[in-house]
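One structure below.
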There are 2 protein chains.
Amino acid sequence: MKSYFIHESIGVMIAQTYRKLNQLLFLRLKEYEITPEQWSVLYRLSQKDGINQREIAIRTSKDQPTTKRILDCLQKKNLIEKKMSPSDRRAFLIYLTDKGKHLAQQLLPIEQKIMAEISVGMDQAEINQFKNKLLLISENINTLIND
Amino acid sequence: MKSYFIHESIGVMIAQTYRKLNQLLFLRLKEYEITPEQWSVLYRLSQKDGINQREIAIRTSKDQPTTKRILDCLQKKNLIEKKMSPSDRRAFLIYLTDKGKHLAQQLLPIEQKIMAEISVGMDQAEINQFKNKLLLISENINTLIND
DNA sequence: CACTTAATATTGTTATGACAAGTAAATAGG
DNA sequence: CCTATTTACTTGTCATAACAATATTAAGTG
């Protein structure tokens, strides 16, 4: 790759790795006509649907406008449907359609395969260690933002 | 933070950490009227300017259209200037203005402080280990993309 | 119950990111 | 030296991301 990459700041390395990962996911998901971020929302909904947009935003760590626009895309593709909440006339409950459920089942193993592929060279202990560091950094950032 | 974060895939964790970091940088850089990505380009140029847009794109791991638009923003703020390349009439050479040089000097310690703050709880050995894992993942992704 | 405040969803704006396509200039091959 | 290809930059489009502001509804408070 590039010999200088390791000399970058952690911030630069995280950003560049994120962008590369997004590119890879985009490539692999292209034939299913879904983007990485749309997939991440679809995946959440496959874990639990019937929740409102605010809940989805929290679970995907996106803000509400971003979540709304991604849901609009998914709705246009008939992967989800919005139903009016019976208890709150401001809110919609979001459900996967059959097409959405089917696609989620199809994509889950693809995502898992990609994650295994990008982790080649690390054993499970190293992966856990790496994830713990990412968690620590995330928590540090959260503390800094909420001050 | 969120107890479930650690149970996410590496991909989700990298993406969410990246977005949070970007938010933090945005907050801290706001008073200087520069965005995180604009800063990353300005920083590169403070290391070496007088290079063309393609070179900048490579060094910042962005594509040329993205680089061009970020440079346009920097130019609008009088932080850089484009000069026609004497050897290639297609290309521009990008130089920091005095204002740009001054701002880069001002922001460098801020960036370093943020990187130290987000690394709280890790010693230097752990930071290096973490960076090596990021590098490994990046290289894995590069291999996967270029197949 | 009336009034203030908070919550949910929406729209607008700006910046980033990637791809595709187009223009102009440099380079390569014959 | 002419043509074909490559290169540098530009423009267009779509998706994402975050902030701000708004409308509608819910919830809290007197």
Side-chain angles (χ1 to χ4, degrees), chain A residues 12 15-30 32-42 51-58 60-77 80 82-94 141 145, chain B residues 12 15-31 33-42 51-77 82-94 141 145:
Chain A
V12 170
Q16 294 189 5
T17 305
Y18 161 73
R19 286 203 300 268
K20 283 291 173 192
L21 177 57
N22 218 47
Q23 242 179 306
L24 175 63
L25 286 165
F26 189 85
L27 269 175
R28 298 280 182 95
L29 296 177
K30 194 162 55 180
Y32 303 96
E33 293 181 332
I34 193 169
T35 65
E37 296 306 339
Q38 287 165 25
W39 157 243
S40 80
V41 172
L42 193 74
I51 55 181
N52 64 18
Q53 298 189 183
R54 184 185 139 272
E55 269 295 313
I56 297 170
I58 293 172
T60 55
S61 294
K62 300 177 192 305
D63 69 356
Q64 286 190 35
T66 300
T67 306
K68 191 262 183 194
R69 280 156 183 148
I70 292 176
L71 288 171
D72 284 348
C73 288
L74 292 175
Q75 191 177 26
K76 232 180 274 177
K77 294 171 188 168
I80 62 157
K82 291 183 175 187
K83 293 182 179 168
M84 291 196 53
S85 168
S87 60
D88 188 337
R89 281 193 296 162
R90 293 168 303 180
F92 298 101
L93 301 183
I94 312 297
I141 295 172
I145 287 178
Chain B
V12 170
Q16 294 190 6
T17 305
Y18 161 73
R19 286 203 298 268
K20 284 289 174 193
L21 178 56
N22 218 48
Q23 245 178 304
L24 175 63
L25 286 164
F26 189 87
L27 269 175
R28 298 280 182 96
L29 295 177
K30 195 162 54 179
E31 62 180 300
E33 292 181 333
I34 193 169
T35 66
E37 296 304 338
Q38 287 164 24
W39 157 242
S40 79
V41 172
L42 193 74
I51 56 181
N52 65 19
Q53 297 189 184
R54 186 185 138 272
E55 268 295 312
I56 297 170
I58 293 172
R59 286 164 192 260
T60 55
S61 294
K62 300 177 192 304
D63 69 357
Q64 286 192 33
T66 301
T67 306
K68 190 264 184 194
R69 278 155 185 150
I70 293 176
L71 287 171
D72 284 349
C73 287
L74 293 174
Q75 191 177 25
K76 232 181 272 177
K77 294 172 188 168
K82 291 183 176 187
K83 293 181 180 169
M84 290 195 54
S85 168
S87 60
D88 188 337
R89 282 192 296 163
R90 293 169 305 181
F92 298 102
L93 302 183
I94 311 297
I141 295 173
I145 287 179

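Keep in mind that what you see is a predicted model, and the values were worked out from it rather than measured. Each chain gets a letter, A, B and so on, in the order its sequence line appears, and its residues count up from 1.
Distance from the side chain of B:Gln53 is smallest for D:dT10 among the nucleotides D:dT11, C:dT10, D:dT10. In the set C:dA18, D:dT16, D:dT10, the nucleotide with an atom closest to the side chain of A:Glu37 is D:dT16. Nearest to the side-chain atoms of A:Gln38 among the listed nucleotides D:dC9, D:dC19, D:dT16 stands D:dT16. Nearest nucleotide to the side chain of B:Ala91, out of D:dA8, C:dA9, D:dT11: D:dA8. Comparing C:dT8, D:dT11, D:dT16 by their closest approach to the side chain of A:Arg54 singles out C:dT8. The side chain of B:Thr66 sits closest to C:dA18 out of D:dT16, D:dT11, C:dA18. Side-chain atoms of A:Lys62 lie closest to D:dA17 of the nucleotides C:dT8, C:dC19, D:dA17. Distance from the side chain of B:Arg69 is smallest for C:dA18 among the nucleotides D:dC19, C:dA15, C:dA18. Closest contact between the side chain of A:Arg89 and the listed nucleotides D:dA26, D:dT11, C:dT10 involves D:dA26. In the set D:dA15, C:dT11, D:dA17, D:dA17 carries the atom at the smallest distance from any side-chain atom of A:Ile70.
Looking at heavy-atom distances under 4.0 Å, B:Pro65 makes contact with a base.
Between C:dC19 and B:Gln64, no contact under 4.0 Å exists linking OP1 or OP2 to a side-chain N or O. Within the 4.0 Å cut-off from OP1 or OP2 of C:dT16, at least one side-chain nitrogen or oxygen of B:Thr35 is found. For D:dT10, the OP1/OP2 oxygens have a side-chain nitrogen or oxygen of B:Lys82 closer than 4.0 Å. Here B:Tyr18 does not reach the OP1 or OP2 of D:dT16: none of its side-chain N or O atoms lies under 4.0 Å away.
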Below 3.5 Å is the cut-off: list the nitrogen or oxygen pairs between protein and nucleotides 27-29 of chain D, distance only.
none

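For the pair A:Asn52 and B:Pro36, both in contact range of DNA chain C, the more 5′-proximal nearest nucleotide belongs to A:Asn52.
Under a 4.0 Å N-O distance rule, the pair A:Lys76/A:Asp72 does not qualify as a salt bridge.
Straight-line distance from the CG atom of B:Asp63 to the C1' atom of C:dA20: 11 Å, rounded to whole Å. One can place CG of A:Leu27 at 11 Å from P of C:dA18, the figure rounded to the nearest angstrom. What separates CZ of B:Phe26 from C1' of D:dA20 is a distance of 11 Å, to the nearest Å. Rounded to whole angstrom, the span from the CD atom of B:Gln16 across to the P atom of D:dA18 amounts to 10 Å. The distance between atom CD1 of A:Ile80 and atom C1' of C:dA9, rounded to the nearest whole Å, is 14 Å. Here the P atom of nucleotide D:dT11 and the CG atom of B:Leu71 are 13 Å apart, to the nearest Å. The CG-P distance, from A:Leu93 to C:dT8, rounds to 12 Å in whole Å. Summarising the geometry, the separation between NZ on A:Lys30 and P on D:dC14 is reported as 17 Å, rounded to the nearest angstrom.
Taking every heavy atom of both residues into account, B:Thr67 and B:Gln53 meet most closely at CG2-O, 3.9 Å. Across all their heavy atoms, B:Glu37 and B:Ile70 have their closest contact at CB-CD1, 4.0 Å. Heavy atoms only, all atoms of each residue included: A:Glu55 and A:Ile51 are closest at CB-CB, 3.9 Å. Closest heavy-atom contact between B:Lys62 and B:Ser40: CE-OG, 3.9 Å. Residues B:Pro36 and B:Phe26 share a closest heavy-atom pair of CG-N, 3.6 Å.
Residues B:Leu27 and B:Lys30 have side chains in contact (heavy-atom distance under 4.5 Å, counting atoms from C-beta outward). A 4.5 Å side-chain heavy-atom check between A:Leu74 and A:Ile34 finds at least one atom pair inside the cut-off. Within the 4.5 Å cutoff, the side chain of A:Lys20 has no heavy atoms near those of the A:Leu24 side chain.
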